[in-house]
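Heads up, the thing below is written out as structure tokens.
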Amino acid sequence: MSTDPYRVLLAEILLQRTPAERVAEFYPSFLKEYPTVTHLASANVKELRKLLTPLGLQKRAQWLIELATRMVKEYGGHVPDRQDELTKLPGVGSYTANAILCFGFRRDVSIVDVNVARVLRRVFGLQGRRPPSRDEALLKLASDLVPRGSGPEYNEALLDFAALVCGPEPRCGECPLSRLCNFYKERVVEVI
DNA sequence: TTCCCGAAAG
DNA sequence: CTTTCCGGAA
């Protein structure tokens, strides 16, 4: 796992509303073109946009350049390591900021995307259908669950679990959590 | 058609 | 609060 905050930032911006598998396909070429914050800050908008074409959301080209430019000017060419500073940057919301803090700086913060939210709601029997970023109860729960010292490993596992096992169509038959999952219990009752 | 490791703008 | 950004695979 890459722990260079810049690489994490770049990856997380590319992953927004974009399948991880397709990002993985193009990420190496991005990193080769723009290996550091400084390279990205002086990037050509049109070239960057061309690289982004197969991934969609081309606003990200403008975001990335402004982002890098401001990191050079305001943070000495480094990625800031505070949530409030990160979310001031274009294209960086609460989710992306937490992902950078976790995977780039090894902070034990929670990372709650729509998939993780689905898992937590199922397991703990929560109702919410609001966006995860505004569901305070869910965020509190998610935060309390992060094991001290293992934030990155825990979050990566949870993300993968949400994608591979507890997806939109849950695979309860091969799920190790079914015994303690509220959703599974309700489901069994439903079948009977 | 929906969905993808969201954020900004309206 | 809702819409828009965005292409491509399933």
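Numbered from 1 within each chain, the chains take letters A, B, ... in sequence-line order. What you see is a predicted model, and the numbers here were worked out from it, not measured in a lab.
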Between A:D84 and A:K88 (salt bridge meaning N to carboxylate O under 4.0 Å), is one present in this structure? no
Is a salt bridge present between A:E153 and A:R106, judged by a nitrogen-to-oxygen distance below 4.0 Å? yes
Indicate, with a heavy-atom threshold strictly under 4.0 Å, whether [X] touches base, sugar-phosphate, or nothing.
{"X": "A:S94", "answer": "sugar-phosphate"}
{"X": "A:V92", "answer": "sugar-phosphate"}
{"X": "A:L14", "answer": "nothing"}
{"X": "A:R134", "answer": "base"}

Starting at atom CD of A:Q16, determine the distance to atom C1' of C:dC6, rounded to an integer number of angstrom. 13 Å
Residue pair A:G91/A:E12 against DNA chain B: nearer the 5' end by closest nucleotide is A:E12
Reading DNA chain B from 5' onward, which residue's closest nucleotide shows up sooner: A:K88 or A:L15? A:L15
Provide a list of protein-nucleic acid N or O atom pairs under 3.5 angstrom, restricted to nucleotides 7-10 of chain C.
unit_1 : atom_1 : unit_2 : atom_2 : d
C:dG7  : N2     : A:R22  : NH1    : 3.3

[N] to [M] separation - [atom1] atoms, rounded to the nearest Å:
{"N": "C:dA10", "M": "B:dC5", "atom1": "P", "value": "13 Å"}
{"N": "C:dC6", "M": "B:dA9", "atom1": "C1'", "value": "16 Å"}
{"N": "B:dT2", "M": "C:dT4", "atom1": "P", "value": "15 Å"}
{"N": "C:dC5", "M": "B:dT1", "atom1": "P", "value": "16 Å"}

Before you tell me yes or no, could you show the steps for A:E174 and A:R171 under salt bridge (charged side-chain N to carboxylate O under 4.0 Å, His left out), namely the whole-Å CA-CA distance, both residues' side-chain angles and the distance that decides it to 0.1 Å? CA-CA 6 Å; A:E174 40 191 297; A:R171 312 171 76 169; 3.5 Å; yes
Base-pair map of DNA chain C as dot-bracket, where | denotes pairing with a different strand and pairs are Watson-Crick or G-U under 3.5 Å: |||||.||||
Taking [Y]'s backbone N and O only, do any of them form a donor-acceptor pair with [X]'s side chain (distance below 3.5 Å, no angle check)?
{"X": "A:N182", "Y": "A:R122", "result": "no"}
{"X": "A:T18", "Y": "A:Q16", "result": "yes"}
{"X": "A:T87", "Y": "A:Q83", "result": "yes"}
{"X": "A:H78", "Y": "A:G76", "result": "yes"}

Following the transitive rule for hydrophobic clusters with a side-chain heavy-atom cut-off under 4.5 Å over Ile, Leu, Val, Met, Phe, Trp and Tyr, establish whether A:L89 and A:I65 coincide in one cluster. yes
Do A:R134 and A:S94 pair up side chain to side chain, a donor and an acceptor below 3.5 Å, judged on atom types alone? no
Do A:E85 and A:Y75 pair up side chain to side chain, a donor and an acceptor below 3.5 Å, judged on atom types alone? yes
Extract, from 5' to 3' on DNA chain B, the first and final nucleotides lying under 4.0 angstrom from some heavy atom of chain A. B:dC4 to B:dA8
Spacing of A:I100 atom CD1 and A:R107 atom CZ [to the nearest 0.5 Å]: 12.0 Å
